[in-house]
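Some notes on the structure that comes next.
Only heavy atoms go into these numbers, but all of them, side chains included; no hydrogens, no water, no symmetry mates.
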Amino acid sequence: MKKKLVGFTVDDKVPPRHGYEIYKNGGKIGYVTSGTFSPILEKGIGLGYVDIRFSNPGEKININARGKELVATIVSLPFVPNRAR
């Protein structure tokens, strides 16, 4: 299975952490490589490797955070666009 590095935002304020597993439809599709809480976006953000079939922006995924399921969305990077001119 080919994997792709993607960015995602968590629909909660809980930050994803390195090593958390990523799921889609009950099957494991990848893992989190890094994550934190973004004060600008006021939600958790992270990077992770996922099966390339589920790497499109807007795709909903689930992250297993020590038994708690976090709903997340794949997003385009950067998380906050540069609006300076």
Shortest non-hydrogen contact between [X] and [Y], atoms and distance:
X     : Y     : value
Ala65 : Leu70 : CB-CD1, 3.7 Å
Pro57 : Ser76 : CG-OG, 3.5 Å
Lys43 : Thr9  : CD-CB, 3.6 Å
Lys3  : Tyr49 : CD-CB, 4.1 Å

Applying a strict under-4.5 Å side-chain criterion to I, L, V, M, F, W and Y, I'd like to know whether [X] and [Y] cluster together.
X     : Y     : value
Val14 : Val32 : yes
Val80 : Phe8  : no
Ile45 : Leu5  : yes

Q) With respect to Ile63, which candidate in Asp12, Ile22, Val71 satisfies the side-chain contact (heavy atoms from CB on, under 4.5 Å) definition? A)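 It is Ile22, the one option of Asp12, Ile22, Val71 that forms the side-chain contact (heavy atoms from CB on, under 4.5 Å) with Ile63.
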
Q | Heavy-atom donor-acceptor pair, His18 side chain to Ser34 backbone, under 3.5 Å | A |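 Flag not set: sc His18 to bb Ser34 has no pair under 3.5 Å.
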
Q.
Nearest 0.5 angstrom please: Ile29 CD1 to Ile52 CD1, how far?
A.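 Rounded to the nearest 0.5 Å, the CD1-CD1 separation comes to 12.0 Å.
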
Between [Y] and [X], is there a side-chain heavy-atom distance shorter than 4.5 Å?
X     : Y     : result
Val6  : Ile61 : no
Phe54 : Lys4  : no
Asn56 : Ile74 : no

Q | Under the side chain to side chain donor-acceptor pair (under 3.5 Å) test, residues paired with Lys24 that sit two or more places apart | A |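 Checked Lys24 against side chain to side chain donor-acceptor pair (under 3.5 Å); matches are Glu59.
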
Q. Residues in side chain to side chain donor-acceptor pair (under 3.5 Å) with Tyr23, at least two apart?
A.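 By the side chain to side chain donor-acceptor pair (under 3.5 Å) rule, Tyr23 matches Glu21.
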
(Q) Looking at Phe79, I'd like to know if its CZ atom is crowded, meaning that more than 12 non-hydrogen atoms belonging to other residues, nucleotides or ligands lie closer than 6.0 Å. (A)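 Atom CZ in Phe79 is crowded, with more than 12 foreign heavy atoms closer than 6.0 Å.
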
